[in-house]
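Worksheet for the structure shown next.
Protein chains get the first letters and strands the later ones, always in sequence-line order, with residue 1 at the start of each. Fair warning: this is a prediction, and the values are worked out from it, not measured in the lab.
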Number of protein chains: 2
Amino acid sequence: MTEHSTAPRSRRERPAKPALTREGIVATAVALMLAEGLPRVTMRRLAQELDTGPASLYVYVRNTAELHAAVLDELLGEVDLGPAKGDGDWRGRVVAVLTSYTNVLFEHSALARAALAVHPSGHNYLALLETLLALLHEGGVPDDRAAWGVDVLLQTATATAAEHATRGEAGDAEGQRDALAAMVHDVPAATHPRVAALGVELFTGTPQERLTWIFRVLLDGIRHTPRT
Amino acid sequence: MTEHSTAPRSRRERPAKPALTREGIVATAVALMLAEGLPRVTMRRLAQELDTGPASLYVYVRNTAELHAAVLDELLGEVDLGPAKGDGDWRGRVVAVLTSYTNVLFEHSALARAALAVHPSGHNYLALLETLLALLHEGGVPDDRAAWGVDVLLQTATATAAEHATRGEAGDAEGQRDALAAMVHDVPAATHPRVAALGVELFTGTPQERLTWIFRVLLDGIRHTPRT
DNA sequence: ACCTGAACACCGTTCAAGT
DNA sequence: ACCTGAACACCGTTCAAGT
């Protein structure tokens, strides 16, 4: 009897379709991304997850790029800002925070590429920015260089994650890496002496090893190189 | 009479449909990209341009990513390697070559994003690599640092171009930049003192101004920072 | 070996119409 | 104001079948 007591309360799905809000949409998008990867976080797929049509999402989200940016900022909440308050060398603490940032992007690889495209602007990104700027300030880096420097540091981390992104999820970068390696291997010393001389050296090191070196290169350079 | 002389010679289109070759496909892809932008360089659109079906292209091209990589390498032929043989400071010459590289990517913006995804491996990329390695060698940069350093230099240039890519072609990054700028403007000094202190400083400078500073930062850092 | 038609399984975004 | 059905204009990739 209670099953279909009144008319307007028509057949509804099990999990009591929740009202649409930007928050709910983004949360669902994050869950979907964790479960199936960013490429599956499309307007249509997400709408289906929310038991509605894609057009409905456009009330809360301008487009797919903005949706991905929101997902990205949400994930930036996983970055460990703790090391910033440690008491070791400030440079080591900058590297620790950036390494945590990189690891988050590495785990959710496709997001790194999105990060380059959208320039995140959520509050988690802002917290990261603040943390890094405070450390550079503590290290005595002049404001004008810190302002530009923090951008390069994050960009380098992001780009490195983006480059090594395809390996896991879309799985076809492997072949491309080999293509370059093979080309470098076969290069004649007569036309390309330096490439031939360095050879495999060009491909040594894990992304992490390379990154920690690069972070130090940047911190050194930022401290020593005046602007203008 | 000659119009339809024999039967097998059926109605054919004006530009005498050329035989498919990888070269021809890539050349057409480049032309299409120059005319309509990279987002239009799809398998289907390209096949249409070549007067065939998309399936035919898969004989010569593994997938869309590889196609874009080939287009990218072709465009890398526009990079001016001339400055490398000048006689000024080697650092200035590195910056000149990298600036040319950046300009090419800036003009064909969407390619920059592709460059991060595919790690180009054509012969034009190889020539660029050789040129930069020779300059670093000339500058006395140790081999192990040159090997990793050249990668960072190119990555930074590429990532910067990729970030500022959307502005022109897809045209929606503008709004996102403003979003971050607005957020930074409204940030309370109590919770985010450094962000508040730097304020607009975070957004000053053209990409080119920033890049030339960054290139010097990197060259300085690479010279002074040992590996391990 | 090379080429193709047709199909499968998707996309983003807009818009007129409803509530 | 919010939500939706339906449509428009596309995608990448595979595969059986032809030449």
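- Searching all strands for a Watson-Crick or G-U wobble partner of dA9(D) with both distances below 3.5 Å returns nothing.
- If you measure from atom CG of Leu38(A) to atom P of dC11(C), you get 13 Å, rounded to the nearest angstrom.
- Contacts of Thr42(B) with the nucleic acid, taken as non-hydrogen atoms under 4.0 Å apart, involve only primed sugar atoms and P, OP1 or OP2.
- Side-chain atoms of Tyr60(B) do not come within 3.5 Å of backbone N or O of Ile25(B) as any donor-acceptor pair.
- Both distances falling under 3.5 Å, in either a Watson-Crick or a G-U wobble arrangement, place dT4(C) opposite dA16(D).
- Using a 4.0 Å heavy-atom cutoff across all strands shown, Ser56(A) reaches at least one base atom of the nucleic acid.
- Closest approach of Glu130(A) and Pro193(B) over heavy atoms only: OE2-CD, 3.0 Å.
- Between Leu50(B) atom CG and dC3(C) atom C1' there is a gap of 13 Å when expressed in whole angstrom units.
- Applying the 4.0 Å criterion to OP1 and OP2 of dT13(C), one finds that Thr64(A) has a side-chain N or O inside that range.
- The nearest heavy atom of DNA chain C to Arg40(A) and to Ala55(A) marks one nucleotide each, and the one closer to the 5' end goes with Arg40(A).
- Rounded to a whole Å, the OH atom of Tyr58(A) is 12 Å from the P atom of dC11(C).
- Put simply, CZ on Arg22(A) is 18 Å from C1' on dC3(D), counting in whole angstrom units.
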Between Thr156(A) and Leu211(A), is a side chain to side chain contact (heavy atoms under 4.5 Å, CB included) present by the stated rule, with each step listed? CA-CA 8 Å; Thr156(A) 303; Leu211(A) 262 184; 4.1 Å; yes

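- One atom, CD of Glu49(A), and another, C1' of dC10(C), lie 16 Å apart when rounded to the nearest Å.
- A straight line from CG of Leu57(B) to C1' of dC2(C) spans 13 Å, rounded to a whole angstrom.
- Note: CE (Met43(A)) to P (dA9(D)) measures 21 Å, nearest angstrom.
- No side-chain heavy atom of Thr131(A) sits under 4.5 Å from any side-chain heavy atom of Val79(A).
- A salt bridge links Glu66(B) with Arg22(B): the distance from a Lys NZ or Arg NE/NH1/NH2 to an Asp or Glu carboxylate oxygen falls below 4.0 Å.
- Comparing the same atom, P, in dA9(D) and in dC8(C) gives a spacing of 23 Å after rounding to whole Å.
- Comparing Tyr60(A) and Arg44(A) by the nucleotide of DNA chain D whose heavy atom lies nearest to each, the residue mapping closer to the 5' end is Tyr60(A).
- Here dC11(C) presents its C1' atom at 14 Å from CZ of Arg45(A), a figure rounded to the nearest Å.
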